[in-house]
Amino acid sequence: MTTDKRPAVELQQVSKCFGDFRALDNISLAIHEAEFFSILGPSGCGKSTMLRLIAGLEHADSGKLMIGDRDMAEVPAYGRPCNMVFQNYAIFPHLSVGDNVAYGLRNAGLKKRALEEKIENMLNAVQLAGLEKRKPDQLSGGQRQRVALARALVREPKVLLLDEPLGALDKSLREQMQHELRELQQSVGITFILVTHDQEEALSMSDRIAVMSEGRILQIATPLDIYEQPNCSHVATFIGDMNFIDATTDDVQDDGSVEVIVPGFGRLRFNQRLPSERRGLAHRVAIRPEKLRISRQQTEAELCVSGLVVTSSYWGDQSQFQITVDGCDTPVTVAAHNVGQSGETPPARGERVWLSARPGAFLRFEN
Amino acid sequence: MAGMRRIGQRLRGTFSWGYLFFLYLPILILPLFSFNDSYYISFPLKGFTTRWYQELSADPSILGALLTSLQIACAAAVLSTLLGLMSARALTRHRVRGEKSLLGVIMLPLVVPELIIGVSLLTMLNHASAGLGKWAVVLGHVLICYPFSVAILMSRMEGFDKSLEEASLDLGSTHWQTFRWVVLPLALPGVIASVLLTFTISFDEFLIAFFLSSNEPTLPVYIWGQLRFPKKLPSTLALGTAIIFVSFAVVAFAEWLRRRDAPKKEASQ
């Protein structure tokens with residue numbers, strides 16, 4: 001975590017229950033200024049509650065919320081320096097596009113001229129110029145999303161909150177809007193907090209990601225670290241695909257390194273210990289499908305094992321294989337990009353192949 | 001089989017026509033005889049005249065009763081719609097304890113005979129020495145109009161998206177401003193429909209007004225009193241005709257408003 005930026009939003013030991021359901025369980029986190037921060041998790045993990053809490057639409061049972069250097073305990077939703085893009089956009093159906101965007105400025109006491117200019121600039125910024133007279137029901141999904149964005153951004157908030165804003169859009173529009181949102185965030189330079197259950201969205205847009213599950217934060221890290229260095233098996237399974245193989249600690253060396261027996265892959269050496277490391281500890285090692293390389297011949301790699309293809313599926317840009325490595329009970333998934341020349345057929349079911357990997361590509365998790 | 005079906009169709013046609021006949025023929029009698037140049041309601045018609053209408057407009061007591069009725073109807077419509085708006089808002093937005101039974105109590109005046117309401121209000125107001133007259137009638141009419149207001153406004157407000165109000169708060173509007181700028185404009189067709197419907201209910205109501213109006217008769221009560229004098233009957237018919245047309249127009253307008261922008265549930269998804 002970089003320390004030169006001061007937090008734009010800070011939660012300190014925040015908890016929130018709905019009846020018996022713990023939506024947020026003692027959450028502490030700091031979001032930096034001008035950061036694109038994503039909260040990623042399955043539905044019901046408390047991510048939307050956290051966003052609504054920051055917006056002032058929910059109130060914490062305990063804990064402290066700071067926006068900038070102000071405690072938000074006594075500040076109502078309409079007094080907070082943050083604005084929200086709602087999941088269903090919540091565009092006012094009785095107002096035109098222009099009036100929707102102007103809504104947040106009604107209390108600002110602007111002169112008519114200044115107001116019109118502001119709205120025009122905002123509509124230009126989200127590529128809705130010329131549509132200010134339209135009614136919301138005459139807009140497409142993408143346009144409604146832009147109205148919601150413009151309506152929030154025109155108030156020049158310190159923090160923009162986005163509650164699954166791209167969920168209702170089709171795939172190609174979603175990818176385009178992901179790109180635009182990222183560009184927009186960099187050009188306006190304010191903090192964006194995005195709530196999503198879409199891991200690709202979080203990985204491609206964010207500076208940092210918080211992975212949540214059952215009201216707790218499992219890990220906060222950059223997209224790279226979240227993917228490459230997940231701190232627990234929950235994060236590892238939630239982001240991308242992961243092969244897990246049961247393993248046993250064989251020896252703990254004096255220099256801190258450990259030797260682990262992985263069935264089928266032999267004896268692997270790791271430099272980091274697990275918290276409860278000891279000889280004979282049963283745990284799991286894990287490797288991403290694309291970190292395993294498949295070939296028909298044995299390679300020079302440090303780690304190269306032989307196995308049988310159980311299934312082989314061709315997906316165009318890549319192929320996926322299930323392979324049982326000799327001596328390992330659980331089949332592993334291998335993903336290979338189809339970079340070979342045309343006419344080259346991928347290994348088929350029942351074929352004997354070799355898998356190679358860098359030993360450093362393996363991760364370890366306690367059970 | 002085909003013969004059976006033909007008989008069935010014919011029966012259905014006969015029933016429909018009979019129904020319309022019984023429903024509308026008596027009402028058509030009113031305008032017909034209001035232009036008939038005779039004191040007596042009997043065929044054959046004597047001749048065309050507008051003198052009953054002239055007589056009507058020259059009668060100060062009938063115009064006084066009309067004014068009383070309009071005042072009562074306006075007050076009852078506004079009051080019951082205001083109360084209905086608040087109740088509908090509470091019932092659709094907030095979690096109200098005992099919501100079902102509360103709604104049952106609100107809807108109760110729909111099934112309690114107006115006769116009972118009239119008698120009990122009369123007894124109570126007399127005991128309380130509150131006095132009878134216009135305000136007593138308004139009280140009774142609000143009681144019977146309120147369920148209609150609640151029903152109309154609840155059906156309007158149930159389709160509301162809660163996030164619209166949250167968005168308004170998030171965009172810097174206070175709770176009152178949110179009500180004023182978001183909730184009320186969206187509920188407006190329901191509010192107008194409620195005002196118009198309750199206005200007609202109060203305007204037409206007889207029993208409660210009969211018990212409570214004392215020496216300030218409403219129009220229906222006044223007309224009832226006039227029926228004793230045969231010579232007054234034709235101008236009462238003229239008045240009835242005028243009221244029918246105004247009532248029809250008002251109700252049709254209310255219904256048109258309600259349907260024009262009923263909340264579109266599929267569009268808000």
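So you know, we letter chains A, B, ... as the sequences are listed, proteins then strands, and number each from 1.
Other residues, nucleotides and ligands contribute only 12 or fewer heavy atoms inside 6.0 Å of the CZ atom of B:F248.
Residues of residues 137-151 of chain B never come within less than 4.5 angstrom of chain A, heavy atom to heavy atom.
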Stepwise salt bridge (Lys or Arg N to Asp or Glu O under 4.0 Å) test for A:R52 and B:E166: CA-CA 10 Å; A:R52 292 170 56 80; B:E166 291 181 339; 2.7 Å; yes
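Of the residues listed (B:L196, B:L197, B:V191, B:I192), the one engaging B:T81 in a side-chain contact (heavy atoms from CB on, under 4.5 Å) is B:V191, and it is the only one.
Counted by atom type alone, B:S163 and B:D161 present one or more donor-acceptor pairs between their side chains at under 3.5 Å. Judged by distance alone, the side chains of A:R182 and A:Q185 do bring a donor and an acceptor atom under 3.5 Å apart.
Of the atoms belonging to A:L95, not a single heavy atom falls under 4.5 Å from chain B. Proximity to chain B involves both the backbone and the side chain of A:N83, based on heavy atoms less than 4.5 angstrom apart. Only the side chain of A:F86 comes within less than 4.5 Å of a heavy atom in chain B; its backbone stays farther off. Heavy atoms of A:R80 lying under 4.5 Å from chain B are absent altogether. Looking at A:R151, the atoms closer than 4.5 Å to chain B (heavy atoms on both sides) sit in the backbone and in the side chain alike.
The pair B:E165-B:R89 meets the salt-bridge criterion, with a side-chain N (NZ, NE, NH1 or NH2) lying under 4.0 Å from an Asp/Glu carboxylate O. Looking at A:E33 and A:K158, no side-chain N of the basic residue comes within less than 4.0 Å of a carboxylate O on the acidic one, giving no salt bridge.
Looking at A:D207, its side chain never comes within 3.5 Å of a backbone N or O of A:F37 through a donor-acceptor pair.
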